[in-house]
Amino acid sequence: MGGKGAARARGAHPGYARAPFRPPPKCFRSRRDRRHPRAAGKPPRPMSDTIVTRFAPSPTGFLHIGGARTALFNWLLARRHGGRMLLRIEDTDRERSTDAAIAAILDGLGWLGLDWDGEAVHQFARAERHREVALRLLAEGKAYHCYASQEELAEMRERAKAEKRPLRYDGRWRDRDPSEAPPGVKPVVRFKAPLEGETVVEDRVQGKVTWSNKELDDLVLLRSDGTPTYMLAVVVDDHDMGVTHIVRGDDHLTNAARQSQIYRALGWDVPVMAHIPLIHGADGAKLSKRHGALGVEAYRAMGYLPEALRNYLVRLGWAHGDQEIFSTEEMIAAFDLGGIGRSAARFDFVKLEALNGHYMRHADDARLVEALETILPEIGPERGLGPVFPPELRARLLAAMPGLKERARTLVELLDAASFLWAARPLALDEKAGKLLDDGARARIRDLRPRLAALEPFDAATTEAAVRAYAEEAGVKLGQVAQPLRAALTGRTTSPPLFDVMAVLGREETLARLADQEQS
RNA sequence: GCGCCCUUCGUCUAUCGGUUAGGACAUCAGCCUUUCACGCUGAAGAGGCGGGUUCGAUUCCCGCAGGGCGCGCCA
């Protein structure tokens with residue numbers, strides 16, 4: 001896209017074209033019928049109600065798996081309704097935001113096949129606008145200057161902890177006269193949160209969630225250096241960007257309450273919210289960066305196909321009846337907020353692998369060679385390969401692919417299974433293969449080699465016929481001949497179908513490898 | 001500590017008060033077969049606990065237990 005709504009990311013004062021039309025917040029369904037739009041008597045949202053979602057990562061690291069799923073859900077929701085998904089880089093933490101992280105995130109999204117509409121918005125570039133909104137709140141008496149020092153704040157928390165009270169700012173500057181301000185202290189601007197009543201978030205996944213306003217303290221809007229905090233910036237940006245649906249991890253659920261208060265103070269409509277459960281590690285513990293959570297580029301390097309990861313991710317926390325396999329089109333057509341569950345899911349590599357195997361088996365041969373090539377710089381060197389396939393190896397790989405892709409669950413396994421294609425002669429035999437090639441086996445190879453040499457043409461059909469005929473004459477089972485041949489040709493006891501291996505290797509290489517193993 | 005959220009096979013999930021609680025991955029057995037894999041067939045495997053409400057609770061309500069998240073001049 002990038003049409004009239006596209007935001008200029010780095011302008012001095014990047015004002016957005018105000019969203020031309022913001023749908024009023026829909027009545028929310030109760031928790032009870034949250035999953036069943038029809039039952040709630042709500043017709044599907046009409047297409048004219050353009051949905052605008054956003055993915056808003058903070059560039060302090062790579063795109064981790066939870067973020068990838070959040071992006072996917074946002075993307076799916078927008079695509080499902082013919083809306084737009086925006087990308088906003090939340091880089092207001094100048095200390096921790098890096099360009100490398102931004103690059104990694106964009107790269108990860110691209111690899112996953114998730115695109116966004118318009119230019120990515122860099123939140124920090126909009127600081128002036130955020131400040132303007134904070135000042136407006138100040139002018140309207142909905143915010144105030146707070147001169148409490150870090151030490152005071154820390155002490156406040158300590159005391160609250162000791163007295164087993166909630167850890168909150170006590171509002172000491174809320175109604176204090178500014179004339180009492182200590183000299184030389186730069187104040188922060190705090191939001192004047194309501195003291196009475198309650199704040200309700202009607203969440204499309206979590207249902208109706210209520211907080212007593214006594215639980216929510218006066219958060220900082222503007223730091224003492226005048227820069228906006230995340231809590232202010234998200235609200236202003238989501239509003240200015242015309243975001244209608246906020247889909248994010250449920251670690252933001254409490255933030256949703258505080259942000260709702262800010263929206264209301266500003267007189268703005270609160271977007272539809274959907275807080276999705278977090279993804280945990282296999283052990284049920286949280287899948288955090290410090291526990292080795294991986295960036296999507298790590299999944300790429302482990303040999304997963306983006307469509308497999310996408311399919312795995314979409315089913316983690318979301319379901320559509322019993323369907324497990326979803327093409328991108330099917331996902332888009334079926335995706336709905338109501339299908340998202342509320343409990344955290346564990347990440348299961350085994351299932352991801354099974355799914356990846358499925359997608360590999362159904363993938364086009366040439367595409368798999370290309371996929372292999374994209375990660376070859378990462379996984380090739382340790383396997384004796386350069387960053388690109390030599391032409392003849394590439395051709396062999398392509399020819400062997402039908403038999404190869406059937407028995408691998410990742411691209412790394414695929415490459416390993418294909419290693420006999422470029423193995424140097426004489427082949428190093430693995431343990432089982434070495435054991436299998438006993439004297440009798442070598443004798444059979446000796447018998448067979450001239451027969452194979454005489455074949456014209458030399459292909460899977462002719463070699464198979466020759467080997468079968470030999471087995472019959474010798475009065476042995478086919479396996480007793482085939483396994484030694486497999487061991488001699490691939491160095492292993494398992495491989496793609498033997499006669500396909502011979503055909504791919506070609507007459508010369510086949511005979512040479514057999515000759516290598518004739519002596520014990 | 002305070003608040004909020006969660007709890008169905010090992011894992012991901014279906015279930016809209018009445019089902020032999022279904023599917024997928026994994027596991028086990030068998031078939032297929034030149035190996036492995038694929039595929040096919042079959043088996044085993046689940047509603048955390050305690051109270052309600054109801055003719056009937058996995059489903060609704062309450063409590064408990066367990067787990068998660070939040071409580072920054074981080075996002």
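All values below come from the heavy atoms of this structure, side chains included, with hydrogens, waters and symmetry mates left out. Each chain gets a letter, A, B and so on, in the order its sequence line appears, and its residues count up from 1.
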Counting any heavy atom closer than 4.0 Å, what does [X] reach on the DNA or RNA strands: base, sugar-phosphate only, or nothing?
| X | value |
| --- | --- |
| A:S212 | nothing |
| A:T227 | nothing |
| A:V220 | sugar-phosphate |
| A:A256 | nothing |
| A:R492 | nothing |
| A:L167 | base |

Taking the same atom, [atom1], in [N] and in [M], what whole-Å distance lies between them?
| N | M | atom1 | result |
| --- | --- | --- | --- |
| B:U13 | B:U19 | P | 25 Å |
| B:G23 | B:C61 | P | 29 Å |
| B:U20 | B:A43 | C1' | 16 Å |
| B:A46 | B:C32 | C1' | 33 Å |
| B:A57 | B:C49 | C1' | 16 Å |
| B:C6 | B:U59 | P | 14 Å |
| B:G48 | B:G39 | P | 33 Å |
| B:U27 | B:C38 | P | 10 Å |

Does B:U13 have its OP1 or OP2 closer than 4.0 Å to a side-chain nitrogen or oxygen of A:R342?
no
Is there a side-chain contact between A:S224 and the phosphate of B:C73, meaning an N or O under 4.0 Å from OP1 or OP2?
no
Please list, by residue number, the residues of residues 350-359 of chain A whose heavy atoms come closer than 4.0 Å to an atom of RNA chain B; answer none if no residue qualifies.
A:V350, A:K351, A:A354
Take the protein atom [atom1] of [X] and the nucleotide atom [atom2] of [N], then report the distance between them rounded to whole Å.
| X | N | atom1 | atom2 | result |
| --- | --- | --- | --- | --- |
| A:E215 | B:G3 | CD | P | 6 Å |
| A:L153 | B:C74 | CG | P | 11 Å |
| A:D251 | B:G72 | CG | P | 15 Å |
| A:H280 | B:G66 | NE2 | P | 17 Å |
| A:Q150 | B:C74 | CD | C1' | 12 Å |
| A:F349 | B:C25 | CZ | P | 19 Å |
| A:Y169 | B:C71 | OH | P | 18 Å |
| A:H64 | B:A75 | NE2 | P | 15 Å |

Taking the six-membered ring of A:F124, is NZ or CZ of A:R94 closer than 6.0 Å to its centre and within 45° of its axis?
yes
Kindly confirm or rule out a cation-pi arrangement of A:R315 over A:F326, judged by NZ or CZ under 6.0 Å from the six-membered ring centre and within 45° of its axis?
no
Partners meeting salt bridge (charged side-chain N to carboxylate O under 4.0 Å, His left out) with [X] (sequence neighbours left out):
| X | result |
| --- | --- |
| A:K192 | none |
| A:D348 | none |
| A:R131 | A:E128 |

Find out whether A:R190 and A:L221 are in side-chain contact, i.e. whether some heavy atom of one side chain is under 4.5 Å from a heavy atom of the other.
no
[X] side chain, from C-beta outward: closest of [options]:
| X | options | answer |
| --- | --- | --- |
| A:E90 | B:C4, B:G23, B:A75 | B:A75 |
| A:S343 | B:G1, B:G70, B:C6 | B:C6 |
| A:R315 | B:G3, B:C71, B:U13 | B:U13 |

A:H145 and A:Y147 aromatic ring geometry - parallel, tilted or perpendicular at 30°/60° bounds:
tilted
Whether A:Y312 and A:F347 hold their rings parallel, tilted or perpendicular, with breakpoints at 30° and 60°
perpendicular
Side chains of residues 479-487 of chain A: which donor-acceptor pairs under 3.5 Å do they make with residues two or more places apart or in other chains?
{"residue": "A:Q480", "atom": "OE1", "partner": "A:K477", "partner atom": "N", "Å": "3.1"}
{"residue": "A:Q483", "atom": "OE1", "partner": "A:R486", "partner atom": "NE", "Å": "2.7"}
{"residue": "A:Q483", "atom": "OE1", "partner": "A:R486", "partner atom": "NH2", "Å": "3.4"}
{"residue": "A:Q483", "atom": "NE2", "partner": "A:T493", "partner atom": "O", "Å": "3.3"}
{"residue": "A:R486", "atom": "NH1", "partner": "A:S495", "partner atom": "OG", "Å": "2.8"}
{"residue": "A:R486", "atom": "NH1", "partner": "A:P496", "partner atom": "O", "Å": "3.2"}

Applying side chain to side chain donor-acceptor pair (under 3.5 Å), name anything that partners A:E151, two or more places apart in sequence or on another chain.
A:S149
Residue closer to the 5' end of RNA chain B, A:R409 versus A:D322 (nearest nucleotide):
A:D322
Could you write out each protein N or O paired with an N or O of nucleotides 32-37 of chain B at a distance under 3.5 Å?
{"residue": "B:U34", "atom": "OP1", "partner": "A:R468", "partner atom": "NH2", "Å": "3.0"}
{"residue": "B:U34", "atom": "O2", "partner": "A:R486", "partner atom": "NH2", "Å": "2.4"}
{"residue": "B:U35", "atom": "O4'", "partner": "A:Q483", "partner atom": "OE1", "Å": "3.0"}
{"residue": "B:U35", "atom": "O2'", "partner": "A:T493", "partner atom": "O", "Å": "3.0"}
{"residue": "B:U35", "atom": "N1", "partner": "A:R486", "partner atom": "NH2", "Å": "3.2"}
{"residue": "B:U35", "atom": "O2", "partner": "A:S495", "partner atom": "N", "Å": "2.9"}
{"residue": "B:U35", "atom": "O2", "partner": "A:S495", "partner atom": "O", "Å": "3.1"}
{"residue": "B:U35", "atom": "N3", "partner": "A:R486", "partner atom": "NH1", "Å": "3.2"}
{"residue": "B:U35", "atom": "N3", "partner": "A:S495", "partner atom": "O", "Å": "2.7"}
{"residue": "B:U35", "atom": "O4", "partner": "A:P497", "partner atom": "N", "Å": "3.3"}
{"residue": "B:C36", "atom": "O2", "partner": "A:R407", "partner atom": "NH1", "Å": "2.7"}
{"residue": "B:C36", "atom": "N3", "partner": "A:R407", "partner atom": "NH1", "Å": "2.3"}
{"residue": "B:A37", "atom": "O2'", "partner": "A:E406", "partner atom": "O", "Å": "2.7"}

Pairwise ring pair (Phe, Tyr, Trp, His ring centres under 6.0 Å) hits with a residue in residues 191-216 of chain A, at least two apart:
none
Sequence-aligned protein contact record of nucleotides 44-49 of chain B, with B where the base is within under 4.0 Å of a protein heavy atom and S where only the sugar-phosphate is:
------
B:A14 base stacked by A:H320? Criteria: ring centres under 5.5 Å, plane angle under 30°.
no
Run the side-chain contact (heavy atoms from CB on, under 4.5 Å) test against A:R492 and tell me which residues pass, sequence neighbours left out.
A:S419, A:D430, A:T490
Which residues pass the side-chain contact (heavy atoms from CB on, under 4.5 Å) test with A:D459, sequence neighbours left out?
A:P457, A:A461, A:T462
Would you kindly check whether a donor in the side chain of A:D348 faces an acceptor in the base of B:A26, or vice versa, at under 3.5 angstrom?
no
Please output the side-chain donor-acceptor pairs of residues 154-162 of chain A that fall under 3.5 Å, not counting sequence neighbours, one pair per line with the distance.
{"residue": "A:E155", "atom": "OE2", "partner": "A:R159", "partner atom": "NH1", "Å": "3.0"}

